[in-house]
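Just below is one structure, and these are the notes that go with it.
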Number of protein chains: 2
Amino acid sequence: MPTPHQSRAARRRATEARILDSARELFAERGFDRTTIRAVAASAGVDPALVMQYFGSKRELFTAAVQAVPAAPPTAGPDALVDQLLATLGLKLGGLPEGTLAMLRSMLTDPAAADHARAALGRQIDGIGAALPEDADAELRAALVVSTLLGVAVGHQLLGLSPLRDAPADRIAALLRPALAALTTPTH
Amino acid sequence: MPTPHQSRAARRRATEARILDSARELFAERGFDRTTIRAVAASAGVDPALVMQYFGSKRELFTAAVQAVPAAPPTAGPDALVDQLLATLGLKLGGLPEGTLAMLRSMLTDPAAADHARAALGRQIDGIGAALPEDADAELRAALVVSTLLGVAVGHQLLGLSPLRDAPADRIAALLRPALAALTTPTH
DNA sequence: CCATTCACTCAACATCCGTTGACCGAGCGC
DNA sequence: GCGCTCGGTCAACGGATGTTGAGTGAATGG
């Protein structure tokens with residue numbers, strides 16, 4: 001309504017993007033089950049039926065909202081690995097992308113989100129495992145690294161544990177660094 | 001019905017316990033929202049109305065099912081701390097108690113469960129923080145320790161990440177130990 | 001042996017949610 | 001200018017869920 005003059009296709013794309021943004025925000029905040037199509041539609045200033053028309057079903061809307069999770073960038077040196085991991089955590093950017101948060105929020109209660117999470121985390125594990133020095137436990141160590149970062153992300157972004165919420169990102173990174181180094185270094 | 005001869009009070013206590021067990025199992029498996037009172041009742045071989053009569057509401061049933069989470073045992077030495085933490089993880093016992101799993105499963109999507117989780121994890125953090133050597137970052141390091149264990153618990157018990165699921169518990173503990181030691185040791 | 005208690009069931013209500021089909025009106029091409 | 005396309009709305013259905021109130025039958029206690 002307030003947009004004065006636009007091509008029909010442009011308006012169409014704009015409202016679709018508005019719906020997707022509202023969906024991402026609500027999915028990230030409340031998770032899949034507690035996010036209703038009606039709430040997404042209201043937040044986007046649109047009729048619920050339109051959401052269905054554009055995305056087919058609530059499931060497909062969720063999939064579309066979460067899809068923007070980028071894979072881990074190609075790992076370079078084994079030393080820069082830890083820095084890269086800390087960046088992945090999103091501590092440097094003040095937060096993970098909302099689509100990722102939506103997936104994390106729902107991963108424990110929605111089987112489809114759990115599959116998505118397992119796949120994404122599995123890819124991370126494989127990437128890190130390949131960058132680690134050759135060792136029988138490389139994959140397991142990579143899994144522990146990813147689990148550690150997952151725990152910090154959950155505690156910080158999703159649960160808001162007070163010591164984490166109030167701490168500056170670089171201090172968290174500084175304290176985490178030796179722990180990640182210990183996990184990535186064979187101990188024999 | 002199959003129980004042949006019992007006092008009325010005993011039967012009553014038995015069915016209440018059966019309901020609680022079914023509730024814990026389903027809450028741990030599917031989380032708060034996806035667990036229906038009808039399903040709990042069916043699993044306990046009972047009418048849904050009886051669940052209401054005994055526990056008042058679905059919320060109170062959940063609270064009762066989750067309540068059995070024990071606080072951290074009084075921390076002794078600063079060296080045994082890491083061992084104790086690994087025990088808390090439940091790796092040695094093949095799994096955390098089902099009430100704890102129920103709370104963890106729902107903590108990202110149910111605000112009440114999130115409060116419960118924040119409180120329980122906060123208590124853990126305080127306990128560990130007090131056991132750490134005096135340092136300005138003690139509480140933050142304790143929070144990172146708890147987050148790490150939370151991440152491993154989630155990845156292992158709730159998501160079932162394959163490298164973690166297939167690894168023997170003592171190997172996970174062995175790899176985790178130096179990382180936890182790095183977190184609990186001031187680095188200056 | 002009888003009245004009462006009490007564990008337990010049955011049927012129903014109210015609400016909410018995902019989803020659908022008919023419908024409307026403004027912008028587009030001709 | 002006209003008819004068609006299409007972005008968008010409206011009203012409704014069907015199912016599931018938490019919750020309730022009346023009812024039933026067996027164990028209890030006197």
Side-chain angles (χ1 to χ4, degrees), chain A residues 1-23 26-27 29-66 102 106 109-113, chain B residues 1-23 26-27 29-66 102 106 109-113:
Chain A
M1 201 88 78
T3 32
H5 210 45
Q6 259 184 135
S7 97
R8 187 145 69 166
R11 277 192 61 82
R12 147 86 202 226
R13 256 172 292 139
T15 59
E16 184 169 327
R18 227 169 49 233
I19 293 174
L20 254 178
D21 282 346
S22 298
L26 289 176
F27 280 138
E29 186 178 315
R30 313 180 195 175
F32 182 81
D33 287 329
R34 288 191 130 99
T35 298
T36 90
I37 291 221
R38 283 171 165 87
V40 171
S43 161
V46 142
D47 191 273
L50 193 66
V51 178
M52 298 299 301
Q53 194 176 344
Y54 283 177
F55 294 93
S57 72
K58 186 184 177 182
R59 261 263 98 74
E60 296 174 82
L61 173 63
F62 180 78
T63 304
V66 158
S106 305
T109 38
D110 181 70
Chain B
M1 202 89 77
T3 32
H5 210 44
Q6 258 183 133
S7 100
R8 186 143 71 166
R11 275 192 63 82
R12 146 90 203 224
R13 255 172 293 137
T15 60
E16 184 168 326
R18 226 169 49 232
I19 293 174
L20 254 178
D21 282 347
S22 298
L26 290 175
F27 280 137
E29 186 177 314
R30 314 181 194 174
F32 182 81
D33 287 329
R34 298 228 163 158
T35 297
T36 132
I37 291 219
R38 283 172 166 86
V40 171
S43 161
V46 142
D47 191 273
L50 192 66
V51 179
M52 299 299 300
Q53 190 178 123
Y54 284 178
F55 294 94
S57 71
K58 185 184 176 182
R59 256 271 91 75
E60 296 174 81
L61 173 64
F62 180 77
T63 304
V66 157
S106 306
T109 39
D110 181 71

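Below, chains carry the letters A, B, ... as their sequence lines are ordered, and counting in each starts from 1. Hydrogens, waters and symmetry mates are skipped; everything else that's a heavy atom, side chains included, is used.
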message = A side-chain contact here means heavy atoms from C-beta on lying under 4.5 Å apart; do B:Tyr54 and B:Thr15 qualify?
response =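 Heavy-atom side-chain distance check passes, below 4.5 Å.
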Specify the separation, in whole Å, of atom [atom1] of [X] and atom [atom2] of [N].
| X | N | atom1 | atom2 | value |
| --- | --- | --- | --- | --- |
| B:Arg34 | D:dA16 | CZ | C1' | 13 Å |
| B:Glu16 | C:dC6 | CD | P | 15 Å |
| A:Arg18 | D:dG7 | CZ | P | 14 Å |
| B:Arg11 | C:dT9 | CZ | C1' | 14 Å |

task = Identify the residue among B:Arg12, B:Arg13, B:Arg18 that makes a salt bridge (Lys or Arg N to Asp or Glu O under 4.0 Å) with B:Glu16.
result =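 Option passing the salt bridge (Lys or Arg N to Asp or Glu O under 4.0 Å) with B:Glu16: B:Arg12.
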ask   = If you look at every strand shown and take non-hydrogen atoms under 4.0 Å, does A:Tyr54 touch a base, only sugar-phosphate, or nothing?
value =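 Sugar-phosphate contact only.
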Under 3.5 Å, which N/O atoms of the protein pair with N/O atoms of nucleotides 14-24 of chain C?
| residue | atom | partner | partner atom | Å |
| --- | --- | --- | --- | --- |
| C:dG18 | OP1 | A:Lys58 | NZ | 2.9 |
| C:dG18 | OP2 | A:Ile37 | N | 3.0 |
| C:dG18 | N7 | A:Arg38 | NH1 | 2.7 |
| C:dG18 | O6 | A:Arg38 | NH2 | 3.0 |
| C:dT19 | OP2 | A:Lys58 | N | 2.8 |

message = Below the 4.0 Å mark, does D:dG7 have OP1 or OP2 next to a side-chain nitrogen or oxygen of A:Arg12?
response =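 A:Arg12 to D:dG7 OP1/OP2: side-chain N or O found under 4.0 Å.
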ask   = Does NZ or CZ of A:Arg34 fall inside the cone over B:Phe32's six-membered ring, less than 6.0 Å from its centre and within 45° of the axis?
value = no
ask   = Picking from A:Val40, A:Thr63, A:Leu61, A:Leu50, what satisfies side-chain contact (heavy atoms from CB on, under 4.5 Å) with A:Phe55?
value =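 Answer to the side-chain contact (heavy atoms from CB on, under 4.5 Å) test with A:Phe55 among A:Val40, A:Thr63, A:Leu61, A:Leu50: A:Leu61.
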Using a cutoff of under 3.5 Å, can you pull out all pairs of nitrogen or oxygen atoms linking the protein to nucleotides 24-30 of chain D, with atom names and distances?
| residue | atom | partner | partner atom | Å |
| --- | --- | --- | --- | --- |
| D:dT28 | OP1 | B:Arg8 | N | 3.3 |

Side chain A:Ser43, main chain A:Ser22, donor-acceptor under 3.5 Å = no
B:Arg38 versus B:Pro48, closest heavy-atom pair with distance =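 Smallest interatomic distance, heavy atoms only, reads CG-CG, 4.0 Å.
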ask   = Could you state the interatomic distance from CG (B:Leu26) to CD1 (B:Ile37), rounded to the nearest 0.5 Å?
value = 11.5 Å
key: Pair A:Asp33 + B:Arg30: basic N to acidic O under 4.0 Å   = no
